[in-house]
Amino acid sequence: MKHILIMGGDGYLGWPTAMYFSNKGYKVTVADNYLRRNESKRLNCLPLYEVPDLEERSKIWYEKTGYEIKVIIGDLTSPDIIRNIFNGKVQYNWAIDKNFSGLPETVVHYAEQPSAPYSMIDYVHSNFTIQNNLLVTNNLMYSVRDLSPETHIIKLGSMGEYGTPNIDIEEGWIDIEHKGRKNRFLYPRQGGSIYHTTKIMDTDLLWFGVRMWNLKVTDLMQGPVYGIETEESKIDNRLRTLFNYDEIYGTVINRFITEAVTGYPLTVYGKGGQTRGFLNIKDTLQCIYKAESSPAKSGELRIFNQFMETLSVNEIADKVKFVGNKLGFNVIIKSIKNPRKESEEHYYNPVHQGLINLGVEPHYLTDDVLTEMFKVVEEYKGNVNKDIIMKNIRW
Ligand code: USQ
């Protein structure tokens, strides 16, 4: 039975990932410092519904399935917390087998400040994002180098690292011919926020580790994720992942559905031609699983563009309006001044073949998928605080 460590296991993607692997029989450990929970309280942008903390969720999971997800609560910017996981001194906050100290074969690294708008609030939040994201990545890299060099690191990158260049976006790498000579380089990156810039720097750190110490790294360049339910969360509503719709933590599709349910005009930023590569949370799980099952080789930085389809903000708004109206909601679309600095009309053609080649089966943003999301959000309609849909963060 393989052991997998999920750093950032309390987050939107971390917890569903933990349940997914646990359900497949893996030994799973999650580590988190509740950053997102605490910051969403401090910034007054609570999720749509309350979610039990990691210890409680793991207990519920154990009661329902008999599977154990071990929990470590700690700040991974502190090197000792990560190193202890690898050197046999780990202390679990919750576990059935508290003495377990097996090295993880795989680490999934989600443990970052994940919001672009958060990183742009002011210099304090920008500093925090840089410090948090880079230190966690560096601590992980050194722990693996020093204590468990065979461990495969799966690091969540972001499609936003590439920006929106006027040429096709390759899968991580580009071959350049210059004055008659050829070389392969990381595809040029140009993030649109401090958050995205830290994701670029993470890649640079790990690429360094791969070149110097033959680490095994997969970098998943993921687009914005949508969705709520996964197969595992259907067992008990208390296992549902956290769901944000506010300007800081909510991603665009999740926000539009919440807006539609509550009669708030869909907040299309600017011209709405911004195009991104989207995926359902269920496909995130599939992709991580496929990347885990066929790991990168020693000395390899393997990069996949992780999304299933490209959509513009206007196309998403139209789909949400169409389904919302069919379900009896009065959905209005309203273009508002773009709080971000980004191209609102641009070329966008990213390659995304690698994960498909590994066997990932794509799902799309269909009317049925939207309908399922509308139904869950509608259950919690009374919790929506419209004041946090826009929080006036400007780039
Ligand atoms: N947008 C709107 N209206 C809204 C919210 C967003 O028009 O109410 C637009 C944004 O301006 C942007 C696009 O929708 O052009 C996507 O925004 P988003 O908030 O859904 O996603 P983003 O800020 O880029 O970040 C999210 C996740 C981040 C992840 C990233 C993948 O928060 O963790 O890395 O998606 S990507 O976008 O490919 O970089």
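Numbers for residues simply follow the sequence, beginning at 1. Every number for a ligand or one of its atoms is a count from 1 in the order of the listing.
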Kindly print each ligand 1 N/O atom paired with any protein N/O atom under 3.5 angstrom away, one pair per line, or none if nothing qualifies.
residue	atom	partner	partner atom	Å
ligand 1	3 (N)	T267	O	2.6
ligand 1	7 (O)	Y269	N	3.0
ligand 1	8 (O)	R255	NE	2.9
ligand 1	8 (O)	R255	NH2	3.2
ligand 1	8 (O)	T267	O	3.2
ligand 1	8 (O)	T267	OG1	2.8
ligand 1	11 (O)	E342	OE1	3.4
ligand 1	11 (O)	E342	OE2	2.5
ligand 1	15 (O)	R276	NH2	3.3
ligand 1	15 (O)	E342	OE1	2.9
ligand 1	15 (O)	E342	OE2	3.2
ligand 1	19 (O)	R340	NH2	3.0
ligand 1	20 (O)	V252	N	2.8
ligand 1	23 (O)	R340	NH1	2.8
ligand 1	23 (O)	R340	NH2	3.4
ligand 1	32 (O)	P114	O	3.4
ligand 1	33 (O)	P114	O	2.7
ligand 1	33 (O)	Y195	OH	3.1
ligand 1	34 (O)	S158	OG	3.0
ligand 1	34 (O)	Y195	OH	2.6
ligand 1	38 (O)	G160	N	3.3
ligand 1	39 (O)	S158	OG	2.6
ligand 1	39 (O)	G160	N	2.8
ligand 1	39 (O)	H196	NE2	2.8

Problem set entry | Proximity of Y195 and Y118 rings by center, below 6.0 Å | no
Seminar exercise, completed: Heavy-atom nearest pair, E315 first then T310, reads OE1-O, 4.4 Å
Seminar exercise, completed: For N357, the side-chain hydrogen bond (donor to acceptor under 3.5 Å, both in side chains) test, sequence neighbours excluded, returns Q353
Seminar exercise, completed: CZ (F256) and NZ (K321) are apart, to the nearest 0.5 Å, by 12.5 Å
Exercise. Any idea how Y49 and F243 line up, ring-wise: parallel (<30°), tilted (30 to 60°), or perpendicular (>60°)?
Worked result: parallel
For this session: Answer with yes or no whether the hydrophobic clustering places I69 together with I154; edges join I, L, V, M, F, W, Y residues whose side-chain heavy atoms lie under 4.5 Å apart.
Result: yes
